[in-house]
Amino acid sequence: MLTLYSYWRSSCSYRVRIGLNLKGLEYEYKAVDLLKGEQFSPEFLKINPIGYVPALVDGSFVVSDSFAILMYLEEKYPQHPLLPSDLKRKAINYQAANLVSSSIQPFQNLTAVKYIEEKVGADEGDVWTKTHIEKGFVALEKLLKDYAGEYATGDEAFLADLFLAPQLYAAINVINLDMTQFPLLLRLHKAYSKLPAFQNAVPEKQPDAPSS
């Protein structure tokens, strides 16, 4: 049995939950409360020394970082491939996923936003976050316009979609970003709402999500 250490609002954990769902893999959900600092507990630091979620335990093997976890799952569990066979579309999937994971998501990370608010000003956290999300979304609109079908890189959901869905969810439901300037991304967000594997991974459906 696979075990996933996750936090309900973590977009990085959200990506992995989608991947597990798409591949039809059962797993035990172990909640790590980031607001309470449980990621820095001695017990969790044995799982992931840097203190981030998600982390996946497969028997005696432990892997952390959403990208590494998804690539591990892709290699070990080939059902429902997360990457297309076409070389160029595969490259676009890697590019889009990395754009989200390295150029957008880190700037909305709790630690980063808290640091900005403490060092710059209490009102600057939201400005900081929206600025970087908008910059990334402009790039994604341009990157995907020649490749998108029903989903980011065609008519099947692949790796890029696993990274886009949580980022779009956060932008719309948490950041309240005006998405009218990003019509392609908004269309993808609506498409994800029709896929059970994506919808069962949304934050509010996780066992550690608040009841109200």
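Worth saying up front: this structure is predicted, and the values here are computed from it rather than measured.
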Atom [atom1] in [X], atom [atom2] in [Y]: separation rounded to 0.5 Å?
X      : Y      : atom1 : atom2 : answer
Ile47  : Tyr5   : CD1   : OH    : 4.0 Å
Asn200 : Leu20  : CG    : CG    : 12.5 Å
Leu185 : Met179 : CG    : CE    : 5.0 Å
Asn48  : Leu56  : CG    : CG    : 11.5 Å

Practice prompt. May I ask you to test the Asp58-Tyr72 pair for a side-chain heavy-atom distance under 4.5 Å?
Written response: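 Yes, their side chains come closer than 4.5 Å.
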Worksheet item: Taking C-beta and beyond as the side chain, do Asp33 and Asp208 meet within less than 4.5 Å on heavy atoms?
Response: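 Heavy-atom side-chain distance check fails, nothing below 4.5 Å.
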Discussion item. Pair Glu38, Phe44 - check side-chain contact (heavy atoms from CB on, under 4.5 Å), show working.
Written reply: CA-CA 7 Å; Glu38 290 179 356; Phe44 185 71; over 6 Å; no
To check you understand the geometry: which heavy-atom pair defines the closest contact between [X] and [Y], and what is its length?
X      : Y      : result
Ala197 : Asn21  : O-ND2, 3.0 Å
Leu162 : Arg15  : O-CG, 3.3 Å
Gln199 : Lys205 : O-CD, 3.2 Å
Ala148 : Arg187 : CB-NH2, 3.9 Å
Leu45  : Gln39  : CD2-O, 3.6 Å
Trp8   : Gln206 : CB-CB, 3.9 Å

Practice prompt. Give the C-alpha distance, both sets of side-chain angles, the deciding distance and a yes or no for side-chain contact (heavy atoms from CB on, under 4.5 Å) between Ile50 and Asp65.
Written response: CA-CA 10 Å; Ile50 200 170; Asp65 181 89; over 6 Å; no
Would you say [atom1] of [X] has more than 12 non-hydrogen atoms from neighbouring residues, nucleotides or ligands within 6.0 angstrom?
X      : atom1 : value
Gln79  : CD    : yes
Lys135 : NZ    : no
Glu156 : CD    : no
Glu75  : CD    : no

Worksheet item: Should the pair Phe137 and Phe182 be assigned to parallel (<30°), tilted (30 to 60°) or perpendicular (>60°) ring geometry?
Response: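 It falls in the perpendicular class, over 60°.
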Discussion item. For a side-chain contact (heavy atoms from CB on, under 4.5 Å) check, start with the C-alpha distance between Phe163 and Ser66, then their side-chain angles and the critical distance, and finish with the verdict.
Written reply: CA-CA 9 Å; Phe163 280 73; Ser66 62; 4.1 Å; yes
Worksheet item: After noting the C-alpha distance and the side-chain angles of Tyr169 and Ser11, does the key distance pass the side-chain hydrogen bond (donor to acceptor under 3.5 Å, both in side chains) rule?
Response: CA-CA 9 Å; Tyr169 177 96; Ser11 62; over 6 Å; no
Discussion item. Could you check whether Ser6 and Tyr29, counting side-chain N and O atoms only, form a donor-acceptor pair closer than 3.5 Å?
Written reply: yes
Worksheet item: Looking only at atom types and distance, does a side-chain atom of Asn93 sit under 3.5 Å from a main-chain N or O of Ala160, one as donor and one as acceptor?
Response: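 Checked: pair present.
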